[in-house]
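Beneath this line is the structure, given in structure tokens, with notes to follow.
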Amino acid sequence: MSSIFCPSCANVLAVEEHLGHLRFKCRTCPYSFNITQRISNRTYPKLKEIDDVLGGSAAWENVDSTDERCPVCWHPRAYFLQIQTRSADEPMTTFYKCCSSTCGHRWRD
């Protein structure tokens, strides 16, 4: 038996115990099917690929820089990018990337 639907009326079958054994029983018609072996079915959902909300490395190609000190290496300048991450009545989120080629630390404000 490959499905848990009644072949007569297409309703969902219920599992009930009858004379010490389990069986599928339709609640609307007299159909029943004795369960003689373990029945299991696992279906794993396909996970969606995670989208990079900042647009990946290409998002940082043509951005401006500003006088913002890096909290890691204390470099005096940082690239910045503003994105609306919340609802329209909330302010935009500013993302920073250190201008130092050796650091590259990212943070947000």
Side-chain angles (χ1 to χ4, degrees):
M1 175 137 195
S2 62
S3 64
I4 56 170
F5 297 98
C6 177
S8 301
C9 64
N11 286 317
V12 176
L13 297 174
V15 176
E16 71 173 11
E17 188 172 351
H18 180 71
L19 301 174
H21 297 292
L22 295 176
R23 70 179 184 173
F24 288 115
K25 174 79 173 111
C26 183
R27 296 179 183 174
T28 57
C29 72
Y31 177 80
S32 66
F33 180 81
N34 292 329
I35 300 174
T36 57
Q37 62 186 359
R38 178 179 289 259
I39 299 171
S40 66
N41 185 13
R42 289 187 182 180
T43 304
Y44 296 100
K46 181 181 176 190
L47 300 176
K48 294 183 346 180
E49 292 183 22
I50 298 174
D51 294 335
D52 190 353
V53 294
L54 296 178
S57 60
W60 293 99
E61 287 179 1
N62 296 317
V63 294
D64 292 325
S65 63
T66 186
D67 293 328
E68 183 71 26
R69 188 168 297 278
C70 176
V72 174
C73 71
W74 296 97
H75 191 274
R77 294 199 58 81
Y79 300 112
F80 73 97
L81 178 69
Q82 290 186 320
I83 298 177
Q84 188 73 41
T85 57
R86 294 182 227 114
S87 60
D89 62 341
E90 297 285 332
M92 295 179 73
T93 304
T94 304
F95 293 90
Y96 295 100
K97 180 180 175 185
C98 181
C99 286
S100 172
S101 59
T102 58
C103 179
H105 177 69
R106 296 181 185 185
W107 70 98
R108 66 180 177 180
D109 188 26

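Residue indices begin at 1 and follow the sequence shown.
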- Partner residues of Arg38 under the side-chain contact (heavy atoms from CB on, under 4.5 Å) criterion, sequence neighbours left out: none
- Task: Identify the two heavy atoms, one from Trp107 and one from Glu68, that lie closest to each other, and give their separation to 0.1 Å.
- Result: CZ2-CG, 3.8 Å
- Task: Classify the angle between the aromatic ring planes of Tyr96 and Phe80 as parallel (below 30°), tilted (30 to 60°) or perpendicular (above 60°).
- Result: tilted
- Just how far is it from atom CZ of Arg23 to atom NE2 of His18, taken to the nearest 0.5 Å? 4.5 Å
- Partner set under side-chain contact (heavy atoms from CB on, under 4.5 Å) for Thr93, not counting sequence neighbours: Thr85, Arg86, Phe95, Arg108
- Task: Answer yes if Val63 and Ile83 sit in the same cluster of Ile, Leu, Val, Met, Phe, Trp and Tyr residues linked by side chain heavy atoms under 4.5 Å apart, and no otherwise.
- Result: yes
Distance-only donor-acceptor hits, side chain of residues 70-79, under 3.5 Å, sequence neighbours excluded:
| unit_1 | atom_1 | unit_2 | atom_2 | d |
| --- | --- | --- | --- | --- |
| His75 | ND1 | Arg77 | N | 3.2 |
| His75 | ND1 | Arg77 | O | 3.2 |
| Arg77 | NE | Ser65 | OG | 3.4 |
| Arg77 | NH1 | Asp67 | OD1 | 2.4 |
| Arg77 | NH2 | Ser65 | O | 3.1 |
| Arg77 | NH2 | Ser65 | OG | 2.8 |

- Message: Is there a side chain to side chain contact (heavy atoms under 4.5 Å, CB included) between Leu13 and Phe5? Walk through the geometry before answering.
- Response: CA-CA 5 Å; Leu13 297 174; Phe5 297 98; 5.7 Å; no
- Check the side chains of Asn34 and Thr36 for a donor-acceptor pair under 3.5 angstrom, ignoring hydrogens and angles. no
- Could you state whether Ile35 and Ile4 fall into the same hydrophobic cluster, counting links through intermediate Ile, Leu, Val, Met, Phe, Trp or Tyr residues with side-chain heavy atoms under 4.5 angstrom apart? yes
- Side-chain donor/acceptor of Gln84 to backbone N/O of Glu90, under 3.5 Å: yes
